[in-house]
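Everything on this sheet refers to the single structure shown next.
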Amino acid sequence: MSSITLEKKILSANNWGLLALLHEGLMERFEDAGNAIVEGNYTTLNELINNARDIISELLITFREKDELSTNLRSLYLFTNKLITEGEIKKDSSNFKKAINIINPIYLGFKGLESREDANIVSGLTYGKEELSEYITKSTKTFQG
């Protein structure tokens with residue numbers, strides 16, 4: 001996904017959408033890590049695993065409460081971390097496929113929740129060094145004097 005597309009997705013996503021994006025990124029890292037093992041590119045594998053662990057850490061922090069949902073999600077994230085660690089050590093790409101199978105239903109759940117709420121939309125033109133980009137915003141914030 002291009003950085004501009006990702007930026008637009010982030011700017012327009014509601015809270016559920018942001019969580020879905022984290023899970024989507026996680027699954028992309030797992031898929032790329034499995035491919036890196038097949039290709040024998042262990043430097044890339046290490047970078048992808050470290051990035052995936054950063055995302056997992058963010059998700060663990062996000063769901064740090066003691067409610068049932070948070071506890072269950074934390075268990076799944078920790079198990080997923082264990083799977084990718086084993087996959088990295090054993091150079092077994094099947095562990096990454098298992099990790100994707102665990103994360104995908106969570107991703108789909110957050111995508112479903114995202115569609116039930118309005119998106120945050122930003123509007124206007126922004127000027128980059130060599131480009132002009134258009135953004136549309138929708139916000140419930142009001143400013144009163």
Side-chain angles (χ1 to χ4, degrees), residues 1-39 41-128 131-143:
M1 176 180 331
S2 76
S3 63
I4 292 174
T5 304
L6 180 60
E7 182 181 0
K8 286 182 180 181
K9 280 185 170 185
I10 290 170
L11 288 172
S12 65
N14 57 31
N15 290 339
W16 300 118
L18 293 173
L19 287 168
L21 282 171
L22 283 173
H23 288 85
E24 183 179 355
L26 193 58
M27 290 188 298
E28 287 174 2
R29 298 318 176 277
F30 294 161
E31 187 175 330
D32 291 345
N35 292 336
I37 288 174
V38 171
E39 296 166 2
N41 189 344
Y42 302 122
T43 303
T44 300
L45 173 66
N46 187 35
E47 291 170 5
L48 290 165
I49 295 295
N50 287 337
N51 189 259
R53 285 194 181 112
D54 288 343
I55 295 171
I56 290 172
S57 295
E58 182 64 32
L59 290 167
L60 287 169
I61 291 168
T62 301
F63 294 102
R64 66 183 172 274
E65 302 299 323
K66 300 215 184 273
D67 58 84
E68 185 178 357
L69 175 65
S70 295
T71 302
N72 291 337
L73 286 173
R74 279 194 315 270
S75 296
L76 290 170
Y77 298 141
L78 291 172
F79 180 72
T80 302
N81 188 54
K82 180 182 173 191
L83 273 176
I84 64 172
T85 300
E86 288 175 2
E88 181 183 26
I89 291 169
K90 296 177 181 176
K91 307 296 188 253
D92 183 2
S93 63
S94 70
N95 281 34
F96 296 98
K97 291 176 184 166
K98 291 176 189 173
I100 290 170
N101 290 336
I102 291 169
I103 297 299
N104 192 49
I106 302 168
Y107 162 74
L108 293 174
F110 285 123
K111 283 300 281 183
L113 289 170
E114 176 186 24
S115 66
R116 292 178 176 215
E117 289 187 15
D118 290 336
N120 298 324
I121 303 177
V122 180
S123 179
L125 296 175
T126 59
Y127 296 90
E131 64 184 69
L132 176 65
S133 300
E134 181 178 352
Y135 291 99
I136 301 172
T137 301
K138 181 178 179 185
S139 176
T140 56
K141 295 180 183 178
T142 58
F143 298 96

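Quantities reported herein were computed from a predicted structural model and do not represent experimental measurements.
The shortest heavy-atom contact between Gly34 and Ser93 is O-CB, 3.6 Å. Listed here is the closest heavy atom pair of Asp67 and Ser70: OD1-N, 2.9 Å. Of all heavy-atom pairs spanning His23 and Leu19, the tightest one is ND1-O, 2.7 Å.
Rounded to the nearest 0.5 angstrom, Leu108 CG and Glu24 CD are separated by 10.5 Å. Atom-to-atom distance recorded for Phe110:CZ and Asn15:CG is 11.0 Å, nearest 0.5 angstrom. Taken from NZ in Lys97 to CG in Asp92, the straight-line distance is 9.0 Å, to the nearest 0.5 Å. Atoms NZ and CG, on Lys111 and Asn104 in that order, are 12.0 Å from each other to the nearest 0.5 Å. The distance from atom CD of Glu86 to atom OG of Ser94, rounded to the nearest 0.5 Å, is 10.0 Å.
Counting heavy atoms from C-beta outward, Leu83 and Ile102 have side chains that approach closer than 4.5 Å. Residues Tyr107 and Leu26 have side chains not in contact (no heavy-atom distance under 4.5 Å, counting atoms from C-beta outward). At a threshold of 4.5 Å between non-hydrogen side-chain atoms, the residues Leu59 and Leu73 do not count as touching. For the pair Ile103/Leu76, no side-chain contact is recorded, criterion being any heavy-atom separation below 4.5 Å from C-beta on. For the pair Lys90 and Asn95, the minimum side-chain heavy-atom distance is 4.5 Å or more. Side-chain contact between Thr80 and Phe30 is present, with at least one heavy-atom pair separated by less than 4.5 Å.
By the 6.0 Å contact criterion, NZ on Lys91 is enclosed, its count of non-hydrogen atoms from other residues, nucleotides or ligands being greater than 12. The number of heavy atoms from other shown groups lying within 6.0 Å of OH (Tyr42) is above 12.
Panel note: side chain Arg116, backbone Leu113; no donor-acceptor pair is recorded below 3.5 Å.
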In a table with atom names and distances, give each donor-acceptor pair under 3.5 Å that connects a side chain of residues 43-56 to protein atoms at least two apart or in another chain.
residue, atom, partner, partner atom, Å
Thr44, OG1, Asn41, OD1, 3.1
Thr44, OG1, Asn41, ND2, 2.9
Asn50, ND2, Asn46, O, 3.3
Asn51, OD1, Arg29, NE, 2.6
Arg53, NE, Asn81, OD1, 3.3
Arg53, NH2, Thr85, OG1, 2.8
Arg53, NH2, Glu88, OE1, 3.3

> Does the pair Glu31 and Ile100 meet the rule for a side-chain contact (heavy atoms from CB on, under 4.5 Å), with working shown?
Replying inline: CA-CA 8 Å; Glu31 187 175 330; Ile100 290 170; 4.1 Å; yes

>> Show, in sequence, the C-alpha distance, side-chain angles and deciding distance for Phe96 and Ile37, and conclude whether the side-chain contact (heavy atoms from CB on, under 4.5 Å) test is met.
In response: CA-CA 10 Å; Phe96 296 98; Ile37 288 174; 3.2 Å; yes

